[in-house]
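Since the structure is predicted, the reported quantities are computational estimates derived from the model, not experimental observations.
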Amino acid sequence: MTNLYFKKWEGRPGRIIAYRLSYGVDLLGALQGIAEEEDIRFGWIKFLGGVKKAKVAYYLQDRKEFIAFDLDEPMEILSGMGNISLKEGRPFVHAHVTFMNREGKVLGGHLMEGTVVMAGEVFIQELALPAPPQRVYDEVTGLYLWV
Ligand code: ZN
């Protein structure tokens with residue numbers, strides 16, 4: 001079925017893989033490394049744990065650019081979620097994170113390199129389909145979206 005409101009991909013459940021991340025690694029770098037090593041072409045990620053510090057970003061829709069924030073304190077990862085899809089033919093991780101600091105404040109954003117893992121538990125679910133989407137630059141949003 002085709003309609004004007006969305007594009008659709010339908011696949012079958014592939015591998016479900018769990019990881020414990022090593023102390024001191026870069027969170028996004030580790031997720032990206034796993035995605036490439038396992039050659040996950042389409043799927044989703046869930047993770048939780050704790051970080052020593054974090055870097056997240058917010059997308060300025062009018063300027064079509066990300067601004068980054070340093071969250072320079074140890075925090076819990078209350079919820080981490082993301083997806084893996086192909087960008088320029090290679091697995092690419094897009095992840096968002098919600099943190100909690102020691103005052104109980106919730107902070108978060110689009111995960112950037114510069115987030116240092118204290119402990120991390122990750123599940124990746126692969127979605128297998130013959131023609132997974134590719135991330136291609138979208139003029140309207142300024143983002144690399146699935147096509
Ligand atoms: Zn994002």
Indicate, with yes or no, if [Y] and [X] share a hydrophobic cluster defined by side-chain heavy-atom contacts under 4.5 Å among Ile, Leu, Val, Met, Phe, Trp and Tyr.
X	Y	answer
Leu111	Ile67	yes
Val25	Met75	yes
Leu107	Val56	yes

Return the orientation label for the Trp9 and Phe42 ring planes: parallel under 30°, perpendicular over 60°, tilted otherwise.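 Answer is perpendicular, since the angle exceeds 60°.
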Residues Glu113 and Lys55 bridged, charged N to O under 4.0 Å: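 The answer is no: the pair does not qualify as a salt bridge.
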Do the side chains of Arg20 and Glu121 get close enough for a salt bridge, i.e. N-O under 4.0 angstrom?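 Between Glu121 and Arg20 there is no salt bridge, as every charged N stays at least 4.0 Å from the carboxylate O atoms.
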I need the minimum non-hydrogen distance between [X] and [Y], along with the two atoms involved.
X	Y	answer
His96	Phe47	O-CZ, 4.2 Å
Gln134	Glu88	OE1-N, 4.5 Å
Pro13	Leu127	N-CD1, 4.5 Å
Lys53	Asp72	CD-OD1, 3.4 Å
Leu21	Ala30	CD2-CB, 4.0 Å
Thr115	Ala54	OG1-CA, 3.6 Å

Is any side-chain heavy atom of [X] closer than 4.5 Å to a side-chain heavy atom of [Y]?
X	Y	answer
Val97	Ser79	no
Gln125	Lys46	no
Phe99	Leu71	yes
Leu143	Tyr59	yes
Asp26	Val117	no
Val106	Leu78	yes

Among Val93, Asn83, Ile16, Ile84, the one residue meeting side-chain contact (heavy atoms from CB on, under 4.5 Å) with Ile124: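 Of the listed residues Val93, Asn83, Ile16, Ile84, the side-chain contact (heavy atoms from CB on, under 4.5 Å) partner of Ile124 is Ile84.
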From the options Val122, Ile40, Ile34, Ile45, select the one residue that forms a side-chain contact (heavy atoms from CB on, under 4.5 Å) with Ile17.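 Result for side-chain contact (heavy atoms from CB on, under 4.5 Å) with Ile17: Ile40.
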Surrounding [atom1] of [X] (heavy atoms of other residues, nucleotides or ligands, distance under 6.0 Å), is the total greater than 12?
X	atom1	answer
Met81	CE	no
Phe123	CZ	no
Arg90	CZ	no

Donor-acceptor pair, side chain of [X] and main chain of [Y], under 3.5 angstrom:
X	Y	value
Arg135	Leu145	no
Lys64	Glu139	yes
Glu126	Gly14	no
Gln32	Pro91	yes
Arg41	Pro130	no

How long is the span from the [atom1] atom in [X] to the [atom2] atom in [Y], to the nearest 0.5 Å?
X	Y	atom1	atom2	value
Arg12	Glu10	CZ	CD	7.0 Å
Asp70	Met112	CG	CE	9.5 Å
Lys105	Arg102	NZ	CZ	13.0 Å

For a side-chain contact (heavy atoms from CB on, under 4.5 Å) check, start with the C-alpha distance between Met118 and Val51, then their side-chain angles and the critical distance, and finish with the verdict. CA-CA 5 Å; Met118 190 276 291; Val51 297; 5.7 Å; no
Please find out if less than 6.0 Å separates the ring center of Tyr58 from that of His110.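 When the ring centroids of Tyr58 and His110 are compared, they turn out to be at least 6.0 Å apart.
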Determine whether the side chains of Lys52 and Tyr23 contain a donor N or O and an acceptor N or O closer than 3.5 Å.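 Tyr23 and Lys52 do have a side-chain donor-acceptor pair below 3.5 Å.
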